[in-house]
Amino acid sequence: MIHLPVWLTDVKGELAALTAALVWAVSSVVYTRVGRRIAPLELNLSKGVIAIALIVLTLLLRAIGTGNFASMMPAINPSAFALLTLSGALGIGLGDTAYFAALTSIGPRRALLLEQTLAPPLAAILALSFLQETLSTGAWCGILLTIIGVAWVIGERVNGVNSDPTHLRQGIGWALLAALSQAIGAVLSRAALANTSISPLWSTLIRLVAGVLALLLWVLLRRQPLEISHKLLRSQQVLGVIVLTAFASTYLGIWLQQISLKFAPTGIAQTLGATSPLFVIPLAMRVGESVSLRAIFGVLVALAGVGILFTLR
């Protein structure tokens with residue numbers, strides 16, 4: 001067995017949140033391109049189904065490896081199950097679909113600006129109100145610095161981004177809905193994970209199943225057939241991209257998010273998970289996009305905030 005240093009054990013929730021942010025940064029760029037070919041609802045549904053299959057396979061392989069097949073169906077507190085189900089329906093079913101719609105309407109930087117700068121403080125305030133989860137003054141300062149830095153990075157004008165007023169209004173509306181849904185979903189997950197023995201992998205599975213069921217209900221209510229199946233059959237490349245990004249952003253990303261919410265306060269976990277734009281900067285440089293001094297300064301400010309959040313643990 002590998003024993004982690006004490007300082008790493010103390011901040012494993014924070015490290016999980018930062019790793020999730022890295023995964024989501026790469027995936028958001030890919031999803032923006034795929035989203036132009038597949039509607040947000042169908043895209044969200046497909047990645048959810050793929051991720052569920054991957055988690056079930058992981059649980060099965062773990063049970064075979066340990067010889068403990070009882071772990072496939074652990075005892076779960078009914079109230080925790082209800083909280084995670086509601087968290088998945090809101091955070092994944094509604095929140096992710098709204099975010100994908102924002103990506104295709106206003107682009108990744110604007111969508112990230114609204115969703116990822118609003119969700120962390122909303123989550124922290126909701127956790128304070130409903131979970132009595134208090135943060136120190138230093139932690140609030142770290143959250144504020146991180147959010148300011150992230151906002152500074154992605155708030156500058158980007159050439160080539162759709163500025164049509166109709167698309168802008170729709171995109172802002174979708175991004176605000178995504179931020180609120182993600183914040184509520186995070187608080188519900190924290191409430192289920194903090195004081196129970198349920199594993200983050202199982203909480204991820206419950207949330208994903210609830211999210212997919214919510215999407216299927218949405219499909220039934222709108223009474224329009226899904227178009228994704230024949231599109232994927234016609235393009236193996238699109239299918240391959242969706243499978244790989246579902247593995248990264250949904251299977252790994254949400255699993256890491258659940259780990260962060262189990263071992264770190266909601267506001268801190270959400271703030272560190274919202275640092276995806278900082279990881280987008282080197283990706284943008286990789287593809288030849290120019291990075292301004294403003295963006296670099298924003299990264300430094302955000303990193304100062306991240307440093308404060310880590311030193312407080």
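Computed over heavy atoms, backbone and side chain alike; hydrogens, waters and symmetry mates excluded.
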Exercise for review: Indicate yes or no: at least one non-hydrogen side-chain atom of Leu205 is less than 4.5 angstrom from one of Leu59.
Suggested key: yes
Point to revise | Residues which pass side-chain contact (heavy atoms from CB on, under 4.5 Å) with Val212, listed by chain and number, not counting sequence neighbours | key: Leu45, Val49, Ile52, Leu216
Point to revise | Side chain to side chain, Leu84 and Ile76, heavy atoms closer than 4.5 Å | key: no
Point to revise | Ile172 side chain reached by Leu176 side chain, heavy atoms, under 4.5 Å | key: yes
Review point. Just how far is it from atom OG of Ser199 to atom CH2 of Trp255, taken to the nearest 0.5 Å?
Key: 8.5 Å
Review point. For Ala274 and Pro120, which heavy atoms make the closest approach, and how far apart are they?
Key: CB-CG, 3.7 Å
Practice item. Tell me, please, which residues at least two apart from Tyr99 pass side chain to side chain donor-acceptor pair (under 3.5 Å). Key: none
Point to revise | Nearest non-hydrogen partners of Ile198 and Ala192, listed with the distance | key: CG2-O, 4.0 Å
**Study point:** Under 3.5 Å: donor-acceptor pair, side chain of Gln182, backbone of Gly91
**Key:** yes
Point to revise | Pairs flagged by side chain to side chain donor-acceptor pair (under 3.5 Å) wherever residues 268-277 is involved - sequence neighbours left out | key: none
Check your understanding: So, does Trp152 use its side chain to make a donor-acceptor pair with the main chain of Val299 at under 3.5 Å?
Key -> no
Check your understanding: Under the side chain to side chain donor-acceptor pair (under 3.5 Å) test, which residues partner Thr58, sequence neighbours left out?
Key -> Tyr251
Exercise for review: Give a yes or no on whether the backbone of Ile242 and the side-chain of Thr245 come within a donor-acceptor separation of less than 3.5 Å.
Suggested key: yes
Practice item. Report yes if the side chains of Phe297 and Val301 come closer than 4.5 Å at any heavy-atom pair, otherwise no. Key: yes
Check your understanding: Do Leu135 and Ile268 have side-chain heavy atoms sitting under 4.5 Å apart?
Key -> yes
Check your understanding: What salt bridge (Lys or Arg N to Asp or Glu O under 4.0 Å) pairs are there with at least one residue in residues 245-259, not counting sequence neighbours?
Key -> none
Study note, to complete from the structure: So the salt bridge (Lys or Arg N to Asp or Glu O under 4.0 Å) pairs with at least one residue in residues 119-129 (sequence neighbours excluded) are none
Study note, to complete from the structure: Residues at least two apart in sequence or cross-chain that pass side-chain contact (heavy atoms from CB on, under 4.5 Å) with Phe130, listed by chain then number, are Leu126
Review point. What distance separates Ile206 CD1 from Trp202 CH2, expressed to the nearest 0.5 Å?
Key: 6.5 Å
Review point. What pairs with Ala127 under side-chain contact (heavy atoms from CB on, under 4.5 Å), at least two apart in sequence or on another chain?
Key: Leu131, Glu133, Val187, Thr266
Point to revise | Contact list for residues 241-256, test salt bridge (Lys or Arg N to Asp or Glu O under 4.0 Å), sequence neighbours left out | key: none
Practice item. Only pairs at least two apart or in different chains count here, so list each salt bridge (Lys or Arg N to Asp or Glu O under 4.0 Å) that has a residue in residues 194-206. Key: none
**Study point:** Considering all heavy atoms, the nearest Gly171-Ser105 contact
**Key:** CA-CB, 3.7 Å
Point to revise | Atom pair NZ (Lys47) and CG (Asp96), whose distance is rounded to the nearest 0.5 Å | key: 4.0 Å
**Study point:** Smallest separation among heavy atoms of Ala80 and Thr196, with atom names
**Key:** CB-CG2, 4.3 Å
Review point. For the atom pair CD (Glu14) and CD1 (Ile259), what is the distance rounded to the nearest 0.5 Å?
Key: 12.5 Å
Study note, to complete from the structure: For Leu261 and Arg190 the tightest heavy-atom approach is O-NH1, 2.6 Å
Review point. So, do Pro121 and Ile147 sit near enough that their side-chain heavy atoms are less than 4.5 Å apart?
Key: yes
Review point. With side chains defined as the heavy atoms from C-beta onward, is the minimum distance between Phe310 and Leu272 less than 4.5 Å?
Key: yes
Exercise for review: Write down the atom of Gly93, the atom of Trp218, and the distance for their closest heavy-atom approach.
Suggested key: O-CZ3, 4.3 Å
**Study point:** Those residues that, when tested against Ser87, pass side-chain contact (heavy atoms from CB on, under 4.5 Å) (two or more places apart)
**Key:** Leu188, Ser189, Arg207
Point to revise | Gln258 and Leu193, any side-chain heavy atoms less than 4.5 Å apart | key: yes
Revision key, fill the gap. Separation between CG (Leu128) and CD1 (Ile125), nearest 0.5 Å, reads 8.0 Å
Point to revise | Backbone of Pro200 reached by a side-chain donor or acceptor of Ser203 within 3.5 Å | key: yes
Exercise for review: Rounded to the nearest 0.5 Å, what's the gap from CD1 on Ile50 to CG on Leu244? Could you check?
Suggested key: 9.5 Å
Practice item. Under the side-chain contact (heavy atoms from CB on, under 4.5 Å) rule, what do Phe81 and Thr85 come out as? Steps first, then yes or no, please. Key: CA-CA 6 Å; Phe81 181 84; Thr85 299; 3.6 Å; yes
